[in-house]
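Beneath this line is the structure, given in structure tokens, with notes to follow.
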Amino acid sequence: MNIIIDIGNTRTKVGLFEDDKVVFVDSYRKLEYNTIFNLVNEYNIENGIICSTSNINEKIKKYLQSTLQYFIEFDSSTPLPIEVLYKSRNTLGTDRIAAVVGAKSIFPKNNNLIIDAGTAITYEFINDKEQYVGGNISPGLEIRFKSLNYFTSKLPLVGKRDKYNLIGQSTEEAIVNGVQNGLIFEIDSYIDYFKEHYNNLKIIITGGDSDFLANKLKNTIFVDKNLVLKGLNNILNHNINKK
């Protein structure tokens, strides 16, 4: 069994996999050593991988390195089961490429557009030849709300709302409508462009705001909250098989 640890900007997700099957998933504001120790022992974990956009708990990393049969700290030098055409792979976020690998493991014979709606919104494209072509990065919902408050003297800090309109009739409504409609129009425009230029296209959305955004889009979209974990598990198994 594999343990998969994805350390993001605000939360850490931990998944346990038996082959390609998800056995356990949980999310933590702060990942504690005892949490990992208990999971490894309860589930008899043999292999593991860590992907991080921030600092890794050294105690946890050293424990996994010394305990597991096979362990990877995922970085730009880690062998991948896909071809990467990105020009600066050493600056490519590990969570971004993991989401791409996850999409390809689900839809291996399709062109795939992957949208990760987290702190940032990322758009990634992998073609039906298993080539990661590249992607774009845009501010996420929370960043957009906070930036309007931070960079102006009078605009209040508000957050996302399920109920909103096209035109606001108060300042708060104007911010909510502007931010949420702006992002939804942006995502739909990306999807429309890729649908026009690529046949046999699958669109997948993941990340913390994926459920919130998915049912507001005009396009049909596949939601998978565990896409990055699935990609990391696929990368781990690829490297185990290469041994």
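What you are looking at is a predicted structure, and each value in this text was computed from that prediction instead of being measured.
- Atom-to-atom distance recorded for Asp188:CG and Ile203:CD1 is 9.5 Å, nearest 0.5 angstrom.
- Each of Glu83, Glu124, Arg89 was scored for a side chain to side chain donor-acceptor pair (under 3.5 Å) with Tyr132, with one residue passing: Glu124.
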Taking distance alone, no hydrogens or angles, what donor-acceptor pairs closer than 3.5 Å link side-chain atoms of residues 30-46 to residues at least two apart or in another chain?
residue : atom : partner : partner atom : Å
Asn38   : ND2  : Asn34   : O            : 3.0
Asn41   : ND2  : Phe37   : O            : 2.6
Asn41   : ND2  : Tyr63   : OH           : 3.2

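- Under the 3.5 Å distance criterion, with hydrogens and angles disregarded, a donor-acceptor pair is assigned to the side chains of Asn226 and Lys13.
- For the residue pair Thr119 and Arg11, no side-chain donor N or O sits within less than 3.5 Å of a side-chain acceptor on the partner.
- The shortest distance between side-chain heavy atoms of Asn90 and Leu92 does not fall below 4.5 Å.
- Lys59 NZ: 12 or fewer foreign heavy atoms inside a 6.0 Å radius.
- Under the 4.5 Å side-chain heavy-atom criterion for grouping Ile, Leu, Val, Met, Phe, Trp and Tyr, Leu236 is not connected to Ile3 through any hydrophobic cluster.
- Dense packing is recorded around CD of Gln131, with more than 12 heavy atoms of other residues, nucleotides or ligands lying under 6.0 Å away.
- Between the side chains of Asn200 and Asp128, not a single donor N or O lies within less than 3.5 Å of an accepting N or O.
- Between Phe194 and Tyr123, a ring centre-to-centre spacing not shorter than 6.0 Å is recorded.
- Counting Ile, Leu, Val, Met, Phe, Trp and Tyr side chains that sit under 4.5 Å apart, directly or through other members, Ile143 stands alone, with no cluster partners.
- Ion pairing of Asp192 with Lys218 is present here, as a side-chain N (NZ or NE/NH1/NH2) and a carboxylate O approach within less than 4.0 Å.
- Between Arg96 and Asp116 there is no salt bridge, since no side-chain nitrogen of the basic residue lies less than 4.0 Å from a carboxylate oxygen of the acidic one.
- Asn127 and Asn111 share no side-chain donor-acceptor pair at under 3.5 Å.
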For this session: List the steps and the verdict of side chain to side chain contact (heavy atoms under 4.5 Å, CB included) for Asn233 and Asn237.
Result: CA-CA 6 Å; Asn233 184 63; Asn237 287 332; 3.4 Å; yes

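- The hydrophobic cluster containing Ile205 does not contain Ile106, counting ILVMFWY residues as joined when their side-chain heavy atoms lie under 4.5 angstrom apart, directly or transitively.
- Linking Ile, Leu, Val, Met, Phe, Trp and Tyr residues whenever their side-chain heavy atoms come within less than 4.5 Å places Phe74 and Val100 in a single cluster.
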List the atom pairs, donor and acceptor, that lie under 3.5 Å between side-chain atoms in residues 163-173 and the rest of the protein, sequence neighbours left out.
residue : atom : partner : partner atom : Å
Ser170  : OG   : Glu173  : N            : 3.2
Glu172  : OE1  : Arg161  : NH2          : 2.8
Glu173  : OE1  : Gln169  : N            : 2.8

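- For Asn149, the CG atom counts as densely surrounded, since its 6.0 Å shell holds more than 12 non-hydrogen atoms of other residues, nucleotides or ligands.
- Heavy-atom contacts from other residues, nucleotides or ligands closer than 6.0 Å to CD of Glu130 number more than 12.
- Under the 4.5 Å side-chain heavy-atom criterion for ILVMFWY residues, no single connected hydrophobic cluster contains both Ile115 and Ile97.
- By the 6.0 Å contact criterion, NZ on Lys146 is open, its count of non-hydrogen atoms from other residues, nucleotides or ligands being 12 or less.
- Cluster note: Tyr150 groups with Phe151 through ILVMFWY side-chain heavy atoms spaced under 4.5 Å, whether in direct contact or through intervening members.
- For Asp26, the side-chain hydrogen bond (donor to acceptor under 3.5 Å, both in side chains) test picks out no residue, with sequence neighbours left out.
- Across every non-hydrogen atom of Gly207 and Lys225, the tightest pair is O-CE, 3.3 Å.
- Side-chain contact between Val23 and Phe17 is absent, with no heavy atoms from C-beta onward closer than 4.5 Å.
- The ring pair (Phe, Tyr, Trp, His ring centres under 6.0 Å) analysis of residues 210-242, with sequence neighbours excluded, yields the pairs Phe107-Phe222.
- Surrounding CG of Asn241 are more than 12 heavy atoms belonging to other residues, nucleotides or ligands, all under 6.0 Å away.
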